[in-house]
Amino acid sequence: MPAIAIIGAQWGDEGKGKVVDLLAEKANMVVRFSGGDNAGHTVVNSQGEFRLHLIPSGICSPHATCIIGNGVVINPAVLIDEVDQLNRRGVDTSRLFISDRAHLIMPYHTLLDGLEERWRGKKALGTTLKGIGPAFADKVARLGIRTGDLLDRELFWERLQLVLAYKNAILTGVYGESPLSADEIYNQYHHYGERLAPCIRETTVMVEEALNREELVLLEGAQGALLDPDFGTYPYTTSSSPLAGGSCLGAGLGPGRISRVVGVFKAYCTRVGSGPMPTELEDETGDLLRERAHEYGTTTGRPRRCGWFDGVAARFSARINGFTGVAITRLDILDVLPHLKICIGYRGDGETINYFPPSVTALARCEPVYEELPGWQTPTSDIRRYEQLPFEARQYLARLEELISCPVNLVSVGAGREQTILKKPIL
Ligand code: GDP
Ligand code: IMO
Ligand code: MG
């Protein structure tokens, strides 16, 4: 069996957690490959509702080994808390492993995330303040500390002293903050290390062995394609690649081992944080979507900006990820609307463009060109077969399929695992 990548196709929160939880029923392994606890993946099944930040969304499936890959930055305090919370609710986490190459989020990362945002002032990115950007910056600057380093006390102490001297110079010199204590961080992280040691592994070997045994391996993305540092709305992006390409790097396998790439789209658009979003609705329809869908961030509780489905951005996302199929979630949220709009092009600087501009200033000037479709105004959350969907809902989905240029595999009509319509098998 192959590896299947499950990728956020818009600005995050598309319902990746739901799709992974569903597919994990049949999977042997689920590997989270990017981001950190900026992610919030909601899973709703017979065991309850879970909001996962670091632990893969396959954790409720008893046969799935769950791996936090090398491409994830791990805040150990958050991870330990998440494990404890799951255990208290009766979820077994003994199949959870973390890559020894995954970088750690350190106290100065979270501190600097806030200080850098404050320094940006009106140009703040609206990050989740979880230390993600500073941690990935240190990884690339070769100032990072990895989970594997926790296993060697001397190495960890040496590394911490080196990096902290530099970080303290910035904290005190640039931001006028007090320096952090190496002893305090060491003691705290030594404790985390002892707790996490049993699950720190060379996880790429585990992935390879599973694939060699022909087992189904899911690669779980975080964030969404339009937050990618290369292809998203830079600088209003996150700091690791949420793309299908990122799954190879973040899980440690070659591209040839991935046979399917499933893009997860909401039936409309949302975005948290700053940056352009051409189809944003700052009116009562936007408010209706937000309240009906309870569009508030899973991680930060911030209201999500809501808007119509953006076909231009969707096609771009499909191209840079190479989707072989898509899952459309939250169709049920649109059940009450008499008319729906889909953005099929942009008008910018006097001309019509049908590509996603690389510059945020150009994107901010883009006016969406809409096509209007009739709504269905019928509840869909109890429907389980595609043919039973109202004609207008099928028409809407067919138009999305056409614009994305990729077949729809799944349609989700509710948060629950079972509230899913399988249109075309993924495998
Ligand atoms: P993720 O970050 O991509 O995993 O998505 P989030 O969990 O942050 O946000 C998606 C939200 O939509 C969660 O509250 C899910 O429970 C919910 N959800 C997922 N699919 C559906 C659906 O088809 N209908 C409805 N009403 N809610 C859904
Ligand atoms: P999931 O996996 C939605 C956004 C933040 C901010 C930008 C940078 O649940 O889909 P960061 O903290 O990463 O430096 O913030 O990225 N962002 C997300 N938006 N869903 C997410 O994850 C996100 N993770 C980061 O809101 O705009
Ligand atoms: Mg989320």
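Every number for a ligand or one of its atoms is a count from 1 in the order of the listing.
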Taking both backbone and side-chain atoms of N38, is any N or O found less than 3.5 Å from an N or O belonging to ligand 2?
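Yes, there is a polar N/O contact under 3.5 Å.
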
Looking only at N/O atoms, are R302 and ligand 2 under 3.5 Å apart anywhere?
yes

If you look at D13, which of its N/O/S atoms is nearest to the Mg ion (ligand 3)?
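Of all N, O or S atoms in D13, the Mg ion (ligand 3) lies closest to OD1.
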
From the options E220, R330, E14, select the one whose nearest heavy atom is closest to atom 14 (O) of ligand 1.
R330

Which option wins on minimum heavy-atom distance to atom 2 (O) of ligand 1: S381, A9, G40?
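Shortest heavy-atom distance from atom 2 (O) of ligand 1: G40.
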
With side chains defined as the heavy atoms from C-beta onward, is the minimum distance between V262 and I4 less than 4.5 Å?
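The answer is yes, as the side chains (C-beta and beyond) meet within the 4.5 Å cut-off.
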
Have a look at ligand 1 and work out which part of D332, if any, has a heavy atom under 4.0 Å from it: side chain, backbone, both or neither.
side chain

Determine whether the side chain, the backbone, both or neither of R271 has a heavy atom under 4.0 Å from any heavy atom of ligand 2.
neither

With a cut-off of 4.0 Å, which atoms of ligand 1 are near a heavy atom of G17?
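It comes down to these atoms of ligand 1: 4 (O).
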
By number and element, which atoms of ligand 1 are closer than 4.0 Å to a non-hydrogen atom of R304?
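Those qualifying, in numeric order: 8 (O), 9 (O).
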
Closest heavy-atom pair and its distance - I353, C366
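Taking I353 first and C366 second, the nearest heavy atoms are CD1-SG, 3.8 Å.
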
Assess G414 for proximity to ligand 1: is some non-hydrogen atom of it under 4.0 Å away?
yes

When only distance counts, is G15 in polar contact with ligand 1, meaning an N/O pair under 3.5 Å?
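N/O-N/O distance under 3.5 Å: yes.
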
